[in-house]
There are 2 protein chains.
Amino acid sequence: MRILIIEDDGQTSAYVSKGLTECGYLVDIASNGKEGLVRAVSEDYDLAIIDRMLPELDGLSIVETLRRANKDTPIIFLSALGGVSDRVKGLRSGGDDYLVKPFAFSELLARVEALLRRPASRAVETNLRVADLEMNLLARQITRCGQTIELQPREFRLLEYLMRHAGQVVTRTMLLENVWDYLFDPQTNVIDVHISRLRQKIDKNFEPALLHTVRGAGYSLRGPD
Amino acid sequence: MRILIIEDDGQTSAYVSKGLTECGYLVDIASNGKEGLVRAVSEDYDLAIIDRMLPELDGLSIVETLRRANKDTPIIFLSALGGVSDRVKGLRSGGDDYLVKPFAFSELLARVEALLRRPASRAVETNLRVADLEMNLLARQITRCGQTIELQPREFRLLEYLMRHAGQVVTRTMLLENVWDYLFDPQTNVIDVHISRLRQKIDKNFEPALLHTVRGAGYSLRGPD
DNA sequence: CTTCAATTATCAAAATGCGCATGGTTCTTC
DNA sequence: GAAGAACCATGCGCATTTTGATAATTGAAG
């Protein structure tokens with residue numbers, strides 16, 4: 001379990017970090033708001049502990065930004081501001097819990113674990129999305145721009161793999177290994193054929209194209225940036 | 001959104017209930033632990049607010065029992081016991097939050113909404129289970145007693161329908177409509193055939209049988225009670 | 001014991017899914 | 001701008017899977 005601490009007071013962050021590490025969590029510390037936000041957005045933490053008052057960017061704004069970006073990492077506020085209205089503000093902004101300094105580590109830990117225990121934290125991803133292309137793993141249904149698209153099993157696997165690696169370049173070797181379970185090169189153009197068929201279905205009739213060829217390397221599924 | 005309050009102090013429960021009702025929640029009140037537990041188990045609340053000290057059965061025990069019964073209704077403890085160790089105990093027992101009396105209603109409301117906003121509250125069911133028979137909708141995988149079982153698409157649909165209606169009697173007409181999309185009677189024994197095939201796979205080699213015939217009516221999937 | 005519903009086995013038709021080969025297209029490099 | 005490389009699209013056919021029907025057997029209820 002990975003936890004991010006955003007806290008400018010080195011003493012507090014060291015204290016919390018030490019305790020959590022001892023309990024087996026992987027802890028990262030960001031000492032200002034900007035850095036914290038960047039890390040929270042770009043990496044996948046299971047929980048974040050955020051100070052409300054921070055240099056560069058305050059805690060409330062971080063959380064609001066995160067939530068707007070659809071990141072629902074559980075968040076515990078840590079703050080010296082202990083008034084009812086402060087706590088309400090923190091929770092309303094998208095925080096999941098609010099602990100007033102000074103606090104007992106044991107309570108923080110209990111609250112961390114209460115949040116991590118919520119099924120949401122380990123929720124299974126049932127939906128993948130790249131731009132307006134959506135895959136519902138449960139219903140095995142693909143839609144682009146609201147229109148549903150039918151895929152064959154192999155095409156489905158192919159697309160799932162591409163979506164799970166959206167933005168990255170996916171090589172033929174990766175596809176052979178992970179979509180076809182081949183450990184060798186079949187010396188044919190199977191991949192090309194299926195990529196082509198997939199394109200017919202997900203990119204033809206739509207704008208813009210999402211499945212791009214990376215000459216000499218492989219393919220890459222990505223939306224417009 | 002339905003909220004259950006388990007609280008013996010009439011004044012507190014009335015106060016909380018009034019506030020929540022004004023916010024559009026449907027509120028039920030149980031004034032002792034036993035009654036509260038029964039309601040929490042038998043009905044489906046989106047959240048429960050539970051006093052720690054209650055006549056008949058204390059709050060901690062209620063929560064522990066609920067969690068053991070696999071109910072993961074979010075729970076907020078409300079208590080006059082405000083020491084760190086009390087709070088930790090409440091959270092450790094399976095509670096999601098702990099608010100010390102006296103409290104501001106606005107904070108309680110903010111905490112209620114923080115919990116309800118967590119996706120967990122509207123988590124999608126990705127797993128069905130009847131006794132030791134499990135269906136993982138995401139992986140489209142069936143296991144009984146840990147052993148994985150292969151099913152054909154139609155058998156899968158059939159079993160899914162049966163599992164979603166476990167305990168009930170499922171008639172042939174229901175099956176024709178929902179598994180075959182037939183709106184008429186095909187005048188053959190398609191259903192019987194598929195039920196038989198399904199039995200071979202899920203009940204043969206296992207004890208006890210889960211798929212029961214209800215003579216003259218249909219079938220019923222259910223575990224031992 | 002009889003009857004009718006339910007179960008099971010076997011079969012054949014239908015549908016599907018997949019990969020290959022071929023020939024066409026686009027890109028790169030000189 | 002020509003040649004070669006990489007990539008793309010299409011149709012075909014094989015193999016397998018999947019399905020539904022028929023018919024024989026079993027078993028429960030009266």
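Quick note on labels: first sequence line is chain A, next is B, and so on, each numbered from 1.
Every side chain to side chain contact (heavy atoms under 4.5 Å, CB included) that B/Lys201 has, sequence neighbours left out, goes to B/Ile149, B/Leu151, B/Gln152, B/Glu155. The side chain to side chain contact (heavy atoms under 4.5 Å, CB included) check on B/Ala131 picks up B/Leu210, B/Pro224, with sequence neighbours excluded. Under the side chain to side chain contact (heavy atoms under 4.5 Å, CB included) criterion, A/Thr73 pairs with A/Tyr45, A/Lys71, not counting sequence neighbours. The side chain to side chain donor-acceptor pair (under 3.5 Å) search around B/Ser93 returns none, not counting sequence neighbours. With sequence neighbours excluded, the residues forming a side chain to side chain contact (heavy atoms under 4.5 Å, CB included) with A/Val190 are A/Trp180, A/Pro186, A/Thr188, A/His194, listed by chain and number.
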Check residues 167-175 of chain B and write down every donor-acceptor pair under 3.5 Å in which the side-chain atom is one partner and the other belongs to a residue at least two apart or another chain.
{"from": "B/Thr171", "atom 1": "OG1", "to": "B/Met174", "atom 2": "N", "distance (Å)": "3.1"}
{"from": "B/Arg172", "atom 1": "NH1", "to": "B/Asp192", "atom 2": "OD1", "distance (Å)": "2.8"}
{"from": "B/Arg172", "atom 1": "NH2", "to": "B/Asp192", "atom 2": "OD2", "distance (Å)": "3.3"}
{"from": "B/Arg172", "atom 1": "NH2", "to": "B/Tyr219", "atom 2": "OH", "distance (Å)": "3.2"}

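Taking 4.5 Å as the limit, every side-chain heavy atom of B/Met135 sits out of range of all side-chain heavy atoms of B/Gln141.
Note on residues 208-217 of chain A: pairs passing side-chain hydrogen bond (donor to acceptor under 3.5 Å, both in side chains), not counting sequence neighbours, are A/Arg199-A/Thr213. Residue pairs meeting the ring-ring contact (aromatic ring centres under 6.0 Å, His included) criterion with at least one member in residues 142-171 of chain A, sequence neighbours excluded, are A/Tyr161-A/His165. Within the structure, salt bridge (Lys or Arg N to Asp or Glu O under 4.0 Å) contacts touching residues 176-187 of chain A (residues at least two apart or in different chains) are A/Arg157-A/Asp181.
Contact annotation for B/Ser196: base contact, defined as any heavy-atom pair under 4.0 Å involving a base atom. B/Tyr219 comes within contact range of the sugar-phosphate backbone alone, with a heavy-atom separation under 4.0 Å but no base atom that close.
Note that the two end axes of the helix from C/dC1-D/dG30 to C/dC30-D/dG1 enclose an angle of 30°, each drawn from 5 base pairs, rounded to 10 degrees.
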When you compare the protein's N or O atoms with those of nucleotides 20-27 of chain C, which come within less than 3.5 Å of each other, and at what distance?
{"from": "C/dC20", "atom 1": "OP2", "to": "A/Thr188", "atom 2": "OG1", "distance (Å)": "2.4"}
{"from": "C/dT22", "atom 1": "O4", "to": "A/Asn189", "atom 2": "ND2", "distance (Å)": "3.3"}

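Whole-Å rounding puts the B/Lys204 NZ to C/dT7 P distance at 15 Å. Across the protein-nucleic acid pair, B/Gln200 atom CD and C/dT10 atom P stand 11 Å apart, rounded to whole Å.
Within the 4.0 Å cut-off from OP1 or OP2 of C/dA6, not a single side-chain nitrogen or oxygen of B/Arg199 is found.
Along DNA chain D, read 5' to 3', the first and last nucleotides having any atom under 4.0 Å from a heavy atom of chain A are D/dA5 to D/dG11.
In this structure, A/Arg39 contributes its side chain and A/Asp28 its backbone to no donor-acceptor pair below 3.5 Å.
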